[in-house]
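Report on the structure given below.
Chain naming here is simple, since letters A, B, ... match the order of the sequence lines and numbering starts at 1 in each.
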Amino acid sequence: MEPKILEKAWNPELEKEILKQWDEEKIYDFTPQEDNYTIDTPPPYPSGRPWHIGAAAHYSQIDMIARTARMAGKNVYFPIGIDRNGLPVELYTEKKYKIRMRETERGEFLNLCREALDDLEAEMIFIMKSLGISGDFANYYRTDSEEYRTLTQSTFIDLWKKGQVYLANRPNNYDWVSGTTIADAEIIYEDLSTKLVYMKFKIKDTDKEIIIASTRPELLCACRIIIVNPEDERYTQYIGKKIIVPITNAEVELRTHHSAQQEFGSGAVMVCSYGDQNDVALFRELELEEIVAIGLDGRMTKVADEYAGLKPKQARTKIIEDLETKGFLEKIENIVHRTPVSERSKTPIEIIPMEEYYLKQKEAVPKIKSLGQEITFHPAMHKQILMNWLESINIDWPISRRRYYGTEIPIWYCKKCSEPHVPEPGKYYRPWNEKCPISNCTKCDSTEFVGEERTFDTWMDSSISPLFISKFNRDDEFFKKVYPVSIRPQAKDIVRTWLYYTLLRCEQLTGKKPWSEAWIMGYGLDENGMKMSKSKGNAIDPLPVIEKVGADTFRFWSASEINHGQDFRCNEQKIESTKKFLSKLWNVARFLSSFPVIESGKLTATDEWILSELDNLVKECKKGYEEYNFFIPAIAIREFTWNVFAAHYIEMVKARAYGIDFSDEERDGAIFTLHKTLSTILKLLAPITPFITEYLWKILYSKNSIHKEKQIIPENLEDQNNITKEISEFNSKVWNEKKSQNLSLKDSIKLEIPESLEAFKKDLKSMHNLLD
RNA sequence: GGGCUCAUGGUCCAGAUCGGUUAUGACGUCGCCCUUACACGGCGAAAAUCCAGGGUUCAAAUCCCUGUGGGCCCA
């Protein structure tokens, strides 16, 4: 019989045709029922080109979750969104058009951002579709759409009315390059080299001096106190004395405090507002009055006197010169200092007191902890990341940002009495550009208002994704059926931001947890285990890789190389070599395509053995799929298909399947078993490599999509794993023997078949052309 | 300073819950082979003192302790 499959290898070009079919047949459509399986898909952020190859792997695996759930009989709702708010696109736009945000008209700047986002978004969607992501692209959402921003604002208005939002003047992490306050969660630490300056401070009314080392000499003007460790005997005699600050001549006290480290610098520390978080803590603890030395423009304020107007770095250089000429400089050391920098703009942050809006979170921590306990984490160990973060929360969440491309904070202030007015929820408001919806101030009856110009932290938007996709506030019936949603898949690095903020916000707004499961994936690193970044030049563009090898190869690589939850390395050569397995699968199917699909046959010992091993495979895959750990089925399927089924079983039954020297009954047993095994492999593999399995399934087994099939369940056959070992050992022995005798594989040979393999004798004899 | 996590041939990865012959498989390398599914293949070979030290045990990659080194997080 002619094989139905003629080509010798899987051609990734076929994927395009299959995508079209899926699209036309709408096989992933969702209509809500009583029981739904909803995926809170991470809306990716289009921050620049290329998109991260780790993200492509990530979304491939999220799709495997969807397909696994569908094949388990669940009614899967798989929304797709794009996160479009925030700083990165502003920086990208500034760079692309060589403009500055604050020097550009706001409306015009927003339009340019939107264009940039549209381009980047189109590429991401193209990649996601090419990867075979079975999400709802037709209804994809954007976090900057009117509908989404309406929800963000409505939830803010709700929390405002519940008294969860307040305004406070506090030292804040300030990124002066971006011109905005940032949350602790957006700070990363980088080791930067800097100068540690040893300065001479005179002790008042004596001719003695002490040495103080600091990396921030430009903050001398903001120095309020000197501290030393209480156990540091070098300074015992000076405790309580007045110290004269060089350059400014201000007098400050020398006190003891346990946070001063004897080993660092000279052991004496100058406390300024604000050099670092420790300064903030000390000012709070000792109730010192702060001196604002750095302004919102990132420059020294007038308290810096002759250094006013300079950037801190310039002021530092100048003050070091002055310290030297005036004889206050002891020495300078070059050190590497762990510096807090803004995750997005990569500039060292300054700590500046500013008035910002805060959302209460401290008091919610115990509640969030217990919600966290109700959620099943895959893998379980990553729950710890959330718990550690909850332990360390000590201030409320600053939610206002001095940026343009974000959801506007919906507040108008009375021009006369400054009373803030928050509008009614349910509409999208742009206070910087719109008239206040009320005509008279409720406090002073004035008719003039000024709109708030700030926007929200982007996590205010993305943290309500489960509410948006379940149509909270928009469709109560839908919401009831869908919320809480089923699973939140996301990367490890944003547990303390996206995952945490979602828990917080959804709890505040609904009193319920947002999902019952969280699925956490590791980081994609480069081939040497380093974090990929454009600046390091080690980023891999996923698009050419996928175009070259095809989505299924990429997906199978992702499943077989990434143990769930662990960080993983991306290596193009490794991705490419994965396609060999698809080729193997293809050729197994090609061979089987010469035989008719039959319903039954008389099974021999060989057939029963492989079906038992197949059943073991089904069990193993079930285990992996239940944990959404695709590494387990991918490895098991490859091992079985290649090293057991193809290498031994197919070789053993080849002659029987052709009917050479075997009865029709025996032949049918082989053909039946071959097809049963292959069709099972295809179903088991369908969530991981949806294209090739669909193609082979339709050619061999059905007009209907494999993705409409239910997953195979184990039959619990008797285990025959020990036979596998004996068979492969015997086969190796024969092959080696022929080799050592310089025989071709088809030549005959005389070899004793072990007693334990007596039942397989006939198949083994025909396989190796054994003589009696 | 604290927490999480990892460490197995040149590279990646399994084995650890439950200690037990020769440590799994893949990539790569080398040699032989076109045997009617597949040279994107087959067979075979070389290649690992299982990070180090100590302990428990008849027996440790696996259990315990102490270190070292990487990654991430927090202070």
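Comparing B:rC64 with B:rG28, their C1' atoms are spaced 38 Å from each other, to the whole Å. Using atom C1' as the reference point in both B:rA47 and B:rG31, the two lie 15 Å apart (nearest Å). Straight-line distance between the P atoms of B:rC12 and B:rU68: roughly 24 Å, to the nearest whole Å. Atom P of B:rA48 sits at a distance of 14 Å from the matching atom of B:rU8, rounded to the whole Å. Comparing the C1' positions of B:rC72 and B:rU62 gives an interatomic distance of 26 Å, to the nearest angstrom.
By the 30° and 60° cut-offs, the orientation of the rings of A:His564 relative to A:Trp519 is parallel. In this pair, A:Trp10 and A:Trp586 present their aromatic rings tilted. The plane angle is within the 30 to 60° band. Ring geometry for A:Trp557 against A:Phe554 counts as tilted: the plane angle lies between 30° and 60°, on a 0 to 90° scale.
Using a cut-off of 4.0 Å between Lys/Arg side-chain N and Asp/Glu carboxylate O, A:Glu626 and A:Lys623 are scored as not salt-bridged. Remark: A:Lys548 does not engage A:Glu572 in a salt bridge, criterion side-chain N to carboxylate O under 4.0 Å.
Judged purely by distance below 3.5 Å, without hydrogens or angles, the side chains of A:Trp609 and A:Thr724 pair a donor atom with an acceptor atom. Of the N and O atoms on the side chains of A:Tyr500 and A:Gln361, at least one donor lies less than 3.5 Å from an acceptor on the other residue. Checked by atom type, the side-chain pair A:Ser612/A:Asp615 shows no donor-acceptor distance below 3.5 Å.
With rounding to whole Å, A:Glu737 atom CD is found 18 Å from B:rC33 atom P. Spacing between atom CG of A:Asn629 and atom C1' of B:rA14 amounts to 13 Å, rounded to whole angstrom units. We find that CG of A:Asn587 is positioned 7 Å from P of B:rC38, with the value rounded to whole Å. Protein atom NZ of A:Lys738 is 13 Å distant from nucleotide atom C1' of B:rC33, rounded to whole Å. Taking atom CG on A:Leu582 and atom C1' on B:rA37, their separation rounds to 16 Å, with Å as the unit. The nearest whole Å value for the distance from the CZ atom in A:Phe645 to the P atom in B:rA37 is 14 Å. To the nearest angstrom, P of B:rC40 lies 13 Å from CZ of A:Arg590. Separating the CG atom of A:Asn643 from the P atom of B:rU24 is a distance of 13 Å, rounded to the nearest angstrom.
Here A:Asp747 lies out of heavy-atom contact (under 4.0 Å) with every strand.
For B:rG42, the OP1/OP2 oxygens have a side-chain nitrogen or oxygen of A:Trp642 closer than 4.0 Å. At the phosphate of B:rA39, OP1 or OP2 sits under 4.0 Å from a side-chain N or O atom of A:Lys8. Here A:Ser732 reaches the OP1 or OP2 of B:rG44: one of its side-chain N or O atoms lies under 4.0 Å away. Proximity of A:Lys654 to the phosphate of B:rA37: a side-chain N or O atom is located under 4.0 Å from OP1 or OP2.
If A:Leu592 and A:Ile635 are placed on RNA chain B by their nearest nucleotide, the residue sitting closer to the 5' end is A:Ile635. Summary of the strand contacts: A:Trp735 and A:Phe568 both lie near RNA chain B, and taking for each the nucleotide with the nearest heavy atom, the more 5' one is attributed to A:Phe568.
Judged by distance alone, with hydrogens and angles left aside, A:Glu651 brings a side-chain donor or acceptor within reach of the base of B:rA37, the pair sitting under 3.5 Å. Not a single donor-acceptor pair, N or O on each side, falls under 3.5 Å between the base of B:rC27 and the side chain of A:Lys574.
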Treat a base pair as Watson-Crick or G-U wobble with both distances under 3.5 Å, then lay out RNA chain B in dot-bracket form, 5' to 3', with | for cross-strand pairs. (((((((..(((.......[....))).(((((.......))))).....(((((..]....)))))))))))).
